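The structure under discussion appears below in the form of structure tokens.
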Amino acid sequence: MWAKAGGDIFRVARVRHLLVTAIVCAAVLVAVAMGWFSAFDFALRDMRFSMASRPASGDIVFVEGDAAAMARAGSQSRARSVYADALDSLIDAGARTVVLDVGLQGALDYFDDNALIGAMTRAAGRVRTVATEVRSSNASRVLNMPLDRFAAHAPPVYVDAVGGSQRSGIYRARIVNDGWVIESLATALSPDHSISRPSFLIDFSIDLATVPRLRLSDVIGGSFETGLFAGRQVIVGQASYSQQSSHSVPRYGLLSTSALQLLAAETVRQDRALSDMGRLPAIIIVFGMALLFAFLRPRMTLGSAIAGSLAYAGMLEFTALAMQVHAGMLLDTAGIHIAQIGFLATAFWHELEARGRSLSHAARERDSMRGILARVVADNFDGVVVVDHNKSIRAASRLAEELISPGLRGANIGDVLPAPFRDALEAALDSGRMMEAVSEVAIVCNGESRTVEFVVTLSDVDAGEVSAESAGRVACLTFRDVTERRQVEHRLTYLAQHDPLTGAASRVKFVETIGALLATPTGRGRGASVYLVGLSRLKTVNDTLGHAYGDALLKQVVARLELLGPISVARLEGNGFAVLREGLLGDDGGMAFAETLIAEIIRPYTLDEHRAIVGARVGMTDSNLSGSAPDALVSHAGIALSLASDQSGNRALAFTKEMDTRIKSKQDMEIALRAALAREEFSVHYQPQVDLETGEVTGVEALARWTHPELGSVSPGQFIPAAEETGLIIELGRWILHVAAKEVAGWPRPVRLSVNVSPLQFEHGDIVADVRSALDISGLPAERLQVEITESLLVTETSHVTEKLKVLRAQGVGVALDDFGTGYSSLSYLGRLPVDTIKIDQSFVRGLPGDAEASAIIRAVLMLSESLGKHVVAEGIENQDQAWLLRLAGCKTGQGYFFSRPGPAEDILAQMLAAEHDKLSSVMRLG
Ligand code: C2E
Ligand code: MG
Ligand code: MG
């Protein structure tokens, strides 16, 4: 905005500059045309004439009438006889022409006139009288002719004796009177230098003082150098130069008519008739200068404009002088000089105005900058307090006033600022050194303790930027309330290092503590042991008493562990804790301590009016077994714990190298499984499920098979757990589902397909979508598909597993509970399970027919299932007795080697069709 305004201002100024230049030019031109500067021009001419002063030719001699000569005559009226004597004397002395510039108009004394006529006659035509033009009483000009008697002997020459200003120096070369041309005195004296112009300008540079000059009395008395008048022209004047009617002329001021005539005569004699160039040159030059000025001035500094003008004026004067001297031309330069002065004045004015403008522009800018700065300070996001060298507050941001106190401006820092701020500001102002880094302090704001970080900076402000009294050193305190940020940081640090529920250390903190312990020489010397504690049955507490009690129990666990005096107790996961002790397991009775740990944890917990018991397993290691890397210690203890957890009871296991090897082989297995999936080394075998009444194949169970290129066939008992541990089971399970559905859908008999589904497929995979896509792609009706789940899925029952089972069942897909009886499910629980089919585990069937307990359980299951409307399949039927007994007990479906071993689809299909053939006889045999 300012730039635009500035641009406008400068454009306006430029136009004004042109306008003023034009006005100055026009005014000067008018003045020149009107001749208003002629006084100045005359002064310049005076100067030039004086400068170019030149001597008279010496050819013209002036004889002035003096008092002594008049005394000879007796009176003025008798002067003509004196002139007659002088005339004789001059003619005798050889004068070439004598002009009697004396009054010869009126008739005076007869004898005197005769004497003069006699002298004139003797002079034989070498005498001239004057016809003098004077101003009459009525201000008109009259020409006084000499009396004819004189004129007859001495023809008159014209003399202009009208006194007054002759400053222009115009001299008429001749006049016409009564039809007669009368030559002027000057031209008449030098007929061979004749001037054709009617008038010319007298050259006043001719020095009058160099004209030979004598007094009339001396001429009459003969007291003059011999030869002085020889061949010379002589003018006899009535009086001295300054007497008679006076003419105001350049250089000389007042001159007598005779002296003026003398100068004119010398002018002609020396061919110095000057001419006036008139006003036109000045007008043209002024006009040209105006153009030049208008164009150049904005591109020049004032200094160069002045220097240029001075040089120009000098040159102009030099030219004028040179023209006068060498060409006889008079150039009037006053108008030009005045114009130049006018232009310079314009330039001055323009410059002053520009300076004023830029000053006011700068002032405006400073003012608005001040305004902006005040705003910036006031609205600052931080607390800002600006303090001057007198330690008084000059500005404060809104936030500063909110945090410290309102109305900070103008107050002394000692009165209002908290001590840390005041001290820092005073130190900075006194020492002249800024704070090197941001500081953090606690101050009380509005009665509340706040943490603020602050810094003090210094600026030196000089008087050019602000008013004089504000100039000097200024300190700026900037502070920021970081209370909340620090609280959050502390909280985050705490959370990173602690378990928010129990306050025990976090895994990160625990690992750090191990590192710190083993970093000390004593710690390294004594070693460290790590105990990982896994809680069991915590889920039962949560399920039965609720999570609040579960949480309370966990807190008590931590409290009990801490009472044992370890270096650190950490909660690593939901039900996993870690304990760090100094010393090695062997030296310090590690096993005894682990048993103490278990004993402490399994002690019943009192939770309000409830009591709860949890199990505990411990995995442990020390820096001797696992090295001093904290992560290795924790992970080795974890391996030991997981192996302890695989075993029943509350056990403690110390880490051994073999455990690590086992883990390694698990990793190898994972690599092999991935490769197998990629190389399609898996296949699906089917085991028929047979109607125990009819022998008809009603369904098949799909079973995964892996043929390793080197190891040959690997049992599912080996690779399925490995696939589950590594999570690959999700991908493998999906693959089997698709392959089996596709194969069985193409069979000519509509048998039901059972597919084993791992809990992981429920928990981490999307089993519903997998089943859907398998059905869609294969075209197998949902009713012909059944998923087999294990009890563990239902034990760790979560709502989303139940949800998924419901969705599957709603779509028509059957759900079978595999390996029933091996897990935790009690018979009473059976009714609530979201399953259609129960598969009695082969461990029960194997006991048949001898094992009474097994057959009792089977019978009970069968009875209950029937009453609950659930279908039962007996697994692992290996002989006819078992089949027979089960059928008798009411079991409808059986599966086992007795009917068929699992086999590839084509084998099973062939068997099925063959069996159909023998169906009748089979039934007969069973019957
Ligand atoms: P399961 O689901 O209980 O499968 C029955 C197992 O019993 C099969 O062993 C089968 O070959 C075997 N079997 C059948 N009849 C008899 C018999 O008369 N006597 C004896 N001793 N065994 C019999 P397999 O194929 O080795 O599978 C073992 C387990 O691996 C399966 O037990 C199942 O839990 C799991 N499994 C197999 N295939 C898959 C699969 O595709 N996915 C999942 N998640 N698990 C699978
Ligand atoms: Mg099964
Ligand atoms: Mg089974």
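As the structure is a prediction and not an experimental result, all values here were calculated from the model. One-based numbering, in listed order, for ligands and for the atoms of each.
- Distances from ligand 1 to the non-hydrogen atoms of R705 include at least one value under 4.0 Å.
- A cation-pi arrangement is absent between R507 and F510, since the terminal nitrogen or guanidinium carbon is not both under 6.0 Å from the aromatic centre and inside a 45° cone about the axis.
- The closest non-hydrogen atom to atom 4 (O) of ligand 1, taken over E701, Q718, R901, Q882, comes from E701.
- Looking only at protein N/O/S atoms, the ones less than 2.8 Å from the Mg ion (ligand 3) make 4 in total.
- Within a 6.0 Å sphere centred on CD of Q497, other residues, nucleotides and ligands contribute more than 12 heavy atoms.
- Not a single heavy atom of E724 sits under 4.0 Å from any atom of ligand 1.
- Counting heavy atoms from C-beta outward, F899 and I877 have side chains that approach closer than 4.5 Å.
- Annotation for E783: atom CD counts as buried by contact number, over 12 foreign heavy atoms lying within 6.0 Å.
- In the vicinity of I877, heavy-atom distances shorter than 4.0 Å reach the ligand 1 atoms 18 (O).
- Between R705 and the options S713, P904, S715, P716, a side-chain contact (heavy atoms from CB on, under 4.5 Å) holds for only P716.
- The side-chain hydrogen bond (donor to acceptor under 3.5 Å, both in side chains) test with D836 singles out one residue from K870, R809, Q786, and that residue is R809.
- Both the backbone and the side chain of L703 come within contact range of ligand 1, each with a heavy atom under 4.0 Å.
- A side-chain contact (heavy atoms from CB on, under 4.5 Å) with F820 holds for exactly one of T790, I838, T837; it is I838.
- Between G876 and ligand 1 there is a heavy-atom distance shorter than 4.0 Å.
- Checked by distance only, ligand 1 and Y897 come closer than 3.5 Å through their nitrogen or oxygen atoms.
- Contacts with ligand 1 closer than 4.0 Å are made by side-chain heavy atoms of Q687 only, the backbone lying farther away.
- Of the heavy atoms in K839, none comes closer than 4.0 Å to ligand 1.
- Taking all heavy atoms of Q842, H685, E788 into account, the minimum distance to atom 7 (O) of ligand 1 is reached by Q842.
- In summary, the atoms of ligand 1 found under 4.0 Å from a heavy atom of S758, numbered by their order in the structure, are 44 (N).
- Checking side-chain atoms of T698 against main-chain N and O of Q689 turns up a donor-acceptor pair under 3.5 Å.
- With respect to the Mg ion (ligand 2), E701 has OE2 as its nearest N, O or S atom.
- Residue N756: an N/O/S atom is found under 2.8 Å from the Mg ion (ligand 2).
- On a distance-only criterion, R846 and ligand 1 share no N/O pair closer than 3.5 Å.
- In this structure, M912 and V697 have side chains that are in contact, with non-hydrogen atoms separated by less than 4.5 Å.
- Residue contacts with ligand 1 leave out G733, since none of its heavy atoms falls under 4.0 Å from the ligand.
- For atom 11 (O) of ligand 1, the protein comes within 4.0 Å by at least one heavy atom.
- Distance check for atom 30 (O) of ligand 1: a protein heavy atom is found below 4.0 Å.
- The shell of residues lying under 4.0 angstrom from ligand 1, judged by heavy atoms, excludes G717.
- For ligand 1, the polar-atom distance check finds an N/O of A704 within less than 3.5 Å of one of the ligand's N/O atoms.
- Between N756 and ligand 1, at least one pair of N/O atoms sits closer than 3.5 Å.
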